[in-house]
Amino acid sequence: MDLFDHAAERQPGLTPLADRMRPRQLEEMVGQDHLLAPGKVLRQTIERDRLPSMIFWGPPGSGKTTLARLIAGYTGAEFKSYSAVTSGLKELREVLAGAQMLKKHHSRQTILFIDEIHRFNKAQQDAFLPAVEKGTVVLVGATTENPSFEVNAALLSRCRVFVLNPLSADHQLLILQQALADAERGLGSLGCRAEEAALRHLAERAHGDARAALNGLELAATLAATLPEGGRVITLALAEEALQHKALRYDRAGEEHYNLISALHKSVRGSDPDAALYWLGRMLEAGEDPLYLLRRMSRMASEDIGLADPQALVLAAAARQVFELVGLPEGKLALAQLAVYLALAPKSNALEAGYLQVADAVRRQGELEVPLHIRNAPTTFMRNLGYGKEYRYAHDYEGHWVADDYLPDALRRERFYRPGALGWEGERKTLLEDRLRQREASRGSGDQRPEPRLGEKKPDINP
């Protein structure tokens, strides 16, 4: 520690709020309970000082560097920090040589923290391999990029990857409130308080980045004028100014939330891609949870499109997977792509109408018996009772279909699914209607069962 470090300690204002508010104990870490809750693997390895080489993968501001610093306080090992941005191979070799000497002469382990490890090329990453392989150092790497692509396979196979989640808006709110209340490291000594709307704006516009949220809070506090009675108030206007982003009127639990999601749903149903994209953007830019929007659009894919375009539901699932992979802000494009696709897809609510009719039939009719010919018949005793008798194996018939009945007798002539005329569904409508006519004709002819046209009949086949 030099003269400037002492000065920074005496005057905390010289150090950014985000750095001052870093957690000092594992219990203070917010938003990574899947890794650090009592009993979790990472928590146990830290507390027992039995650390493997590891890589922390997560978005900016999720706590990768903070977690590495916490490890330094829990372990008896020498802790060395090394940046892929500011240091080269010469410095790395010196660190590794020092670690080897420390282990050889003092039997002490060295933890080497590498920030932005993905910035090293393959040859540079190879320089770590011997030291990691021999246990000269315990490597702790941090990256915002997928290590499967950015860390070479040999190094990756020697490390345990821990995924840090982006912080939710509620996590960010908690961090901001702690910074306001903390008189030692935060803004408590300034008598600073904030409007709820201002904190919510800072939390949501930070997109999971605690550093960005705290930087915005600190700047807003600097912009706030001191009141005559002392103290400062951070208003929504100051929060907007600090982030250079105007807050949109939006209440995630109130009327505006439901108005906007209704507008998005009806725009998709009405096949207007411009409106769908606009209402989606209004909600995203106001801080709506993207996963909520993905859930709602997945519902639209079944409710309003259904089998008119089976790919709609596939794309909804893919959009969620892509969003979880890339996060914000890039992941917004996956939602935008889905919204436009759903709006332009052919529409059908036949599936929804059919299921509602089925649910009503189940409530009215109760537990109807399964017809004997399609019951499971695994034993001779059950077959002697008629289970599976005269079951016709569809694959043995021309077109792999036979005019048979599969509904309970009381529902034989019910039509639950009535396909629309558009898209994939429309292409199969004629086929379904023709088969329904054949099935009706089969019943009218005394239900005489035709012999199979392909192969041998297999009456005892079980599904």
Side-chain angles (χ1 to χ4, degrees), residues 1-2 5 18-19 22-29 32 34-58 60-120 124-145 147 150-164 210-211:
M1 182 178 289
D2 60 22
D5 293 323
D19 195 55
R22 286 187 189 275
R24 294 169 292 188
Q25 297 178 345
L26 290 175
E27 289 75 16
E28 295 179 6
M29 282 288 289
Q32 307 302 338
H34 65 296
L35 299 178
L36 298 173
K40 296 297 183 180
V41 173
L42 182 57
R43 174 71 172 260
Q44 291 188 54
T45 59
I46 294 172
E47 291 178 338
R48 295 175 184 177
D49 198 4
R50 302 287 293 177
L51 294 167
S53 287
M54 65 186 84
I55 293 175
F56 296 146
W57 173 31
S62 56
K64 300 182 297 297
T65 303
T66 296
L67 187 50
R69 291 187 179 186
L70 284 175
I71 289 173
Y74 277 82
T75 181
E78 181 77 6
F79 190 89
K80 295 288 186 181
S81 183
Y82 181 86
S83 173
V85 178
T86 60
S87 305
L89 280 177
K90 180 177 179 292
E91 292 87 349
L92 175 60
R93 293 191 184 100
E94 291 174 355
V95 170
L96 295 179
Q100 188 171 6
M101 294 295 290
L102 189 66
K103 185 176 184 180
K104 180 178 179 180
H105 296 293
H106 301 282
S107 300
R108 283 190 67 199
Q109 185 67 270
T110 298
I111 294 176
L112 178 59
F113 174 61
I114 310 292
D115 200 12
E116 306 281 358
I117 193 171
H118 60 274
R119 293 182 180 270
F120 281 122
Q124 291 171 318
Q125 290 181 26
D126 284 342
F128 296 114
L129 282 175
V132 173
E133 182 74 30
K134 296 176 182 176
T136 305
V137 296
V138 172
L139 175 67
V140 178
T143 178
T144 56
E145 305 296 327
E150 303 298 335
V151 179
N152 73 49
L155 185 57
L156 191 61
S157 69
R158 292 162 173 80
C159 297
R160 177 80 180 267
V161 177
F162 292 102
V163 181
L164 277 72
R211 186 184 303 106

*Is the closest side-chain heavy-atom distance between T110 and T136 below 4.5 Å?*
no

*asked:* Could you check whether atom NZ of K40 has more than 12 heavy atoms from other residues, nucleotides or ligands sitting under 6.0 Å from it?
replied: no

_A side-chain contact here means heavy atoms from C-beta on lying under 4.5 Å apart; do F113 and I71 qualify?_
no

*Measuring from R119:CZ to E150:CD, what's the distance to the nearest 0.5 Å?*
10.5 Å

*asked:* Show the nearest heavy-atom pair for residues Q32 and S62, with the distance to one decimal.
replied: NE2-O, 3.3 Å

*Would you call L70 and I46 a side-chain contact if the rule is heavy atoms closer than 4.5 Å?*
no

*Calculate, to the nearest 0.5 Å, the distance between atoms CG and NZ belonging to D115 and K64 respectively.*
7.5 Å

*When rounded to the nearest 0.5 angstrom, what is the spacing between OG1 in T66 and CG in D19?*
8.0 Å

*asked:* Using every non-hydrogen atom in the two residues, find where V132 and R158 come nearest and quote the distance to one decimal.
replied: CG1-CB, 4.0 Å

*Shortest non-hydrogen contact from T144 to W57?*
O-NE1, 3.6 Å

*Return the minimal non-hydrogen interatomic distance between P52 and V138, and the atom names on each side.*
O-CG1, 3.4 Å

_As an exercise, state the distance from OH of Y74 to CG of L51, rounded to the nearest 0.5 Å._
12.5 Å

_Using side-chain heavy atoms (C-beta onward) and a distance below 4.5 Å, is L42 in contact with L67?_
yes

*asked:* Please determine whether the number of non-hydrogen atoms from other residues, nucleotides or ligands lying under 6.0 Å from atom CD of Q100 exceeds 12.
replied: no

*Taking every non-hydrogen atom, the tightest pair across V163 and L35*: O-CD1, 3.6 Å

_Spacing of CG belonging to N152 relative to CD belonging to Q125, to within rounding of 0.5 Å_ = 4.5 Å

*Least distance between heavy atoms, P130 atom then D126 atom*: CD-O, 3.5 Å

*If you measure from the Lys or Arg side-chain nitrogens to the Asp or Glu carboxylate oxygens, is any gap between E27 and R43 under 4.0 Å?*
yes

*Any donor and acceptor pair, going by atom type alone, linking the side chain of E133 with main-chain N or O of L129 inside 3.5 Å?*
no

*Apply side chain to side chain contact (heavy atoms under 4.5 Å, CB included) to R160 and V41, showing your working.*
CA-CA 11 Å; R160 177 80 180 267; V41 173; 3.9 Å; yes

*Student check: side-chain heavy atoms of L155 and L139 closer than 4.5 Å*: yes

_Straight-line distance of H34 NE2 to L164 CG, nearest 0.5 Å_ = 6.0 Å

_Determine whether R69 and S81 satisfy the following criterion, side chain to side chain contact (heavy atoms under 4.5 Å, CB included), listing intermediate values before the conclusion._
CA-CA 9 Å; R69 291 187 179 186; S81 183; over 6 Å; no

